[in-house]
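Data first, discussion second: the structure below is written as structure tokens.
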Amino acid sequence: MVASVPFVKTAEPHLLDTYAPEITKAYITSRLECVPVVIRDGLEDPLDDTATVFQQLEQLCTVSRCEYEKTCTLLVQLFDQNAQNYQKLLHSSSRNPLEITVQEGCLAWLVYFVGTFVGGRLTYTSTDEHDAMDGELSCRVFQLISLMDAQLPQCSNEKVELAILWFLDQFRKTYVGDQLQHTSKVYARMSEVLGITDDNHVLETFMTKIVTNLKYWGRCEPVISRTLQFLNDLSVGYPFYCILLKKLVKIEAVKFMLQNHTSKHFPFLGVSDNYSLSDLRCRTVFYTALTRLLMVDLGEDEDEFENFMLPLTVSFESVTQIFNSSFEQEEAKRMLIGLARDLRGIAFALNTKTSYTMLFDWIYPAYISVLQRAVELWYREPACTTPILKLMAEFMQNRSQRLNFDVSSPNGILLFREASKMICTYGNQILSLGTLSKDQVYPLKLKGISICYSALKSALCGNYVSFGVFKLYGDNHFDNVLQAFVKMLLSVSHSDLLQYRKLSQSYYPLLECLTQDHMSFITSLEPRVLIYILTSISEGLTAVDTIVSSSCCASLDYIVTYLFKHLAKEGKKTLRCREISQDGQRLLHFMQQNPEVLQQMMSILMNTIIFEDCRNQWSVSRPLLGLILLNEKYFSELRATLISSQPDNKHEALDQCFRNLMEGVEQNLLLHFSLPCALFNQSKP
């Protein structure tokens, strides 16, 4: 209702200007009143349920903008009152920890409210007065930031820190990164109180806060995670933040991070036993953001890149020495997990051929062999293998054509060979685990398989390797990885393929790629493997996930098209065209022995189109004509069955729909394929 107020034309009073501020006040005061009760009685804190809090604040930001002056006056009064009480408690000779915690809880709520109100600014309804009020509120939060950081590391409060990060992100979205700051009054009050005159000063404050958090909050995963996400959002340079990035890299705090990204300065980068392995996940985000900032002025400066990579170089050399000496497994394992996560973040951010080539030259061949050995040794430990496999999958991504190496470079083939070795090593080792329990099968086996499939799909579809070269020169890396694909696939049940989303979303697109460009491999498979693959396609056609169902339709279309090409050759009269390749003949023979496979899939597609809410009709339509022409007799029977299953008054309408379906299919096309397609209409021997 409040959102519609600016568009109301009637002169009748709507009373929202009276009640909306009261509702906002009631929400604010009730949150503050619950803080002492929650802390003293040990109740569940609403701030712990951030999803619900953010959902409520999203609505509040709109409501609060109605009669904004009243809301801001209230919030300024409450903020000043609580901040003064907090300072008194901090400087009191007899500090009461309980009272301090209560006051920090109230401040956390108030900071969330300020961030919400600032983030609720709308261009078409905001005025200079409103922007000035945002400046009044923001000043208080920036002052609180200075007060809280001055107490580190002796005193800290996680909830206040998370609220501050929420506010900073809302302020960034609203007042940083566009032309708004040049005219906005938000900086007028901030300039008077804090000396912050424009977004350059704000960015400096942002980066100082980020560095402070990374230094002192290394053991608190929520704060580190939120801080790094904020840094990551700042580092995204497209489409309108390019100027912002130029400003960021000139800030001393950013220069410090680029030159000192070690555990000495940022403890969360450490690999000691004090940190759990799950805490290392945030390192990927850190290095993605840091590398984006490096890329702003990197160009082709290899020396600068080498200097940036120096801490990782030192770590890899240490791991290599450990491998070659006493081999302290736990220490080496932790270092490699951290390195894999760091490198994945770096690789993700390097989206140009020049920068990616620098990384490839740095890691190949010395350091990538260390990763290969780690997979071989610790295949039973997904905490170690998952980051390494994900790193390899990221390396295989030809994002922005970054893997299109120079024509004289063998790097594309070398990279694929390393990926092939790793996938084969992991696949062979993981299959040796035997039967796993239901709760272990995904983390210990299926998750790794899904990452391997994702990496292989990226390689096959990346268009940076000529796979015919491998067979031509007797290199078996391509054949080996395809055989590893089959072995891993046969160890997975059809139900698991569809039950685990990440597995299905990596397997089916990979299968689509194989059927599109590597049908010679598909046709060479044993009948039992072909049955498994075709059954998986049949079951995937009805999947709720459109990625899966669309890939199944595409794979089926490529298979049917392949059959047509060879049937066409067989139907021609010339002797040369009768010399069908062994690959095509093998698939034709298999389909003649198992005609029900394609017939079942045609039935599934027709039932989906007629009876289901088909969300990807174009994908479903692709294989349909081929299936009909290959199984004309079965199609006629299916058509009659479907029509007869409907009420009598719908027979004619459905029959007309079928006639419309085949309209435009030229008769000579049907006649052209009538003889060879009769092979599929015969009874099974």
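Aromatic ring pairs are classed by plane angle as parallel below 30°, tilted from 30° to 60° and perpendicular above 60°; the pair Phe467 and Phe470 is parallel.
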Contacts under 3.5 angstrom, residues 538-545 side chains, donor-acceptor by atom type, not counting sequence neighbours:
{"from": "Thr542", "atom 1": "OG1", "to": "Glu539", "atom 2": "O", "distance (Å)": "3.2"}
{"from": "Asp545", "atom 1": "OD1", "to": "Ile547", "atom 2": "N", "distance (Å)": "2.9"}
{"from": "Asp545", "atom 1": "OD2", "to": "Gln505", "atom 2": "NE2", "distance (Å)": "2.5"}

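Residues Gly119 and Gln170 share a closest heavy-atom pair of CA-OE1, 3.6 Å. Closest of all the heavy-atom pairs between Asn398 and Leu403 is OD1-N, 2.7 Å. Here the closest non-hydrogen pair linking Ser235 and Leu245 is O-CD2, 3.4 Å. Shortest non-hydrogen contact noted between Ile643 and Leu654 is CA-CD2, 3.7 Å. Closest approach of Met606 and Leu661 over heavy atoms only: CE-CD2, 4.3 Å. Scanning all heavy atoms of the two residues, the minimum distance from Asp406 to Lys353 falls at OD1-NZ, 3.1 Å.
Under a 3.5 Å cut-off, the side chain of Ser551 and the backbone N or O of Val548 do not form any donor-acceptor pair. The closest donor-acceptor contact from the side chain of Arg344 to the backbone of Thr284 lies at 3.5 Å or more, if one exists at all. Not a single donor-acceptor pair under 3.5 Å links the side chain of Ser619 to the backbone N or O of Ser550. Of the possible donor and acceptor atoms, none in the side chain of Lys445 sits under 3.5 Å from a partner among the backbone N and O of Leu433. A donor-acceptor pair under 3.5 Å is formed between the side chain of Ser420 and the backbone N or O of His477. No donor-acceptor distance shorter than 3.5 angstrom exists from the side chain of Ser454 to the backbone of Ser450, with no hydrogens or angles considered. Side-chain N or O atoms of Arg172 include none that pairs as donor or acceptor with a backbone N or O of Leu234 at under 3.5 Å. Here the side chain of Asp655 pairs no donor or acceptor atom with the backbone of His651 at under 3.5 angstrom. Of the possible donor and acceptor atoms, none in the side chain of Asn631 sits under 3.5 Å from a partner among the backbone N and O of Gln599. A donor-acceptor pair under 3.5 Å is formed between the side chain of Thr515 and the backbone N or O of Leu511.
Not counting sequence neighbours, Tyr356 has no partner by the side-chain hydrogen bond (donor to acceptor under 3.5 Å, both in side chains) test. By the ring pair (Phe, Tyr, Trp, His ring centres under 6.0 Å) test, Phe360 is found to be paired with Tyr364, Phe405, residues two or more places apart in sequence or in another chain being considered. Not counting sequence neighbours, Ser645 has no partner by the side-chain hydrogen bond (donor to acceptor under 3.5 Å, both in side chains) test. The side-chain hydrogen bond (donor to acceptor under 3.5 Å, both in side chains) check on Gln600 picks up nothing, with sequence neighbours excluded. The ring pair (Phe, Tyr, Trp, His ring centres under 6.0 Å) check on His494 picks up Tyr532, with sequence neighbours excluded. With sequence neighbours excluded, the residues that form a side-chain hydrogen bond (donor to acceptor under 3.5 Å, both in side chains) with Thr52 are Asp49. Looking at residues two or more places apart in sequence or on another chain, you find a side-chain contact (heavy atoms from CB on, under 4.5 Å) between Ser520 and Asp583. Applying the side-chain contact (heavy atoms from CB on, under 4.5 Å) rule to Ser549 yields the partners Thr546, Asn616; only residues at least two apart in sequence or on another chain are considered. Phe485 pairs by the ring pair (Phe, Tyr, Trp, His ring centres under 6.0 Å) definition with Tyr453, not counting sequence neighbours.
Sparse packing is recorded around NE2 of His589, with 12 or fewer heavy atoms of other residues, nucleotides or ligands lying under 6.0 Å away. Within a 6.0 Å sphere centred on CZ of Phe521, heavy atoms belonging to other residues, nucleotides or ligands number more than 12. For Gln656, the CD atom is densely surrounded, since the number of other residues' heavy atoms within 6.0 Å is greater than 12. With a 6.0 Å radius and a threshold of 12 heavy atoms from other residues, nucleotides or ligands, Gln440 has its CD atom above the threshold. Applying the 6.0 Å contact sphere to CD of Gln55 captures no more than 12 heavy atoms from other residues, nucleotides or ligands.
A ring-ring contact (aromatic ring centres under 6.0 Å, His included) check over residues 602-621, counting only residues at least two apart or in different chains, returns nothing. Legend: ring-ring contact (aromatic ring centres under 6.0 Å, His included) pairs involving residues 423-445, not counting sequence neighbours, sorted by first then second residue: Tyr442-Tyr500.
Comment: Lys471 does not engage Asp479 in a salt bridge, judged by the lack of any side-chain N to carboxylate O separation of less than 4.0 angstrom.
No side-chain donor-acceptor contact under 3.5 Å links Thr354 and Thr352.
Asn660 places a side-chain heavy atom less than 4.5 Å from the side chain of Glu663.
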Subject >> salt bridge (Lys or Arg N to Asp or Glu O under 4.0 Å) between Arg639 and Glu632, intermediate numbers included >> reply: CA-CA 10 Å; Arg639 171 179 175 171; Glu632 195 176 352; over 6 Å; no

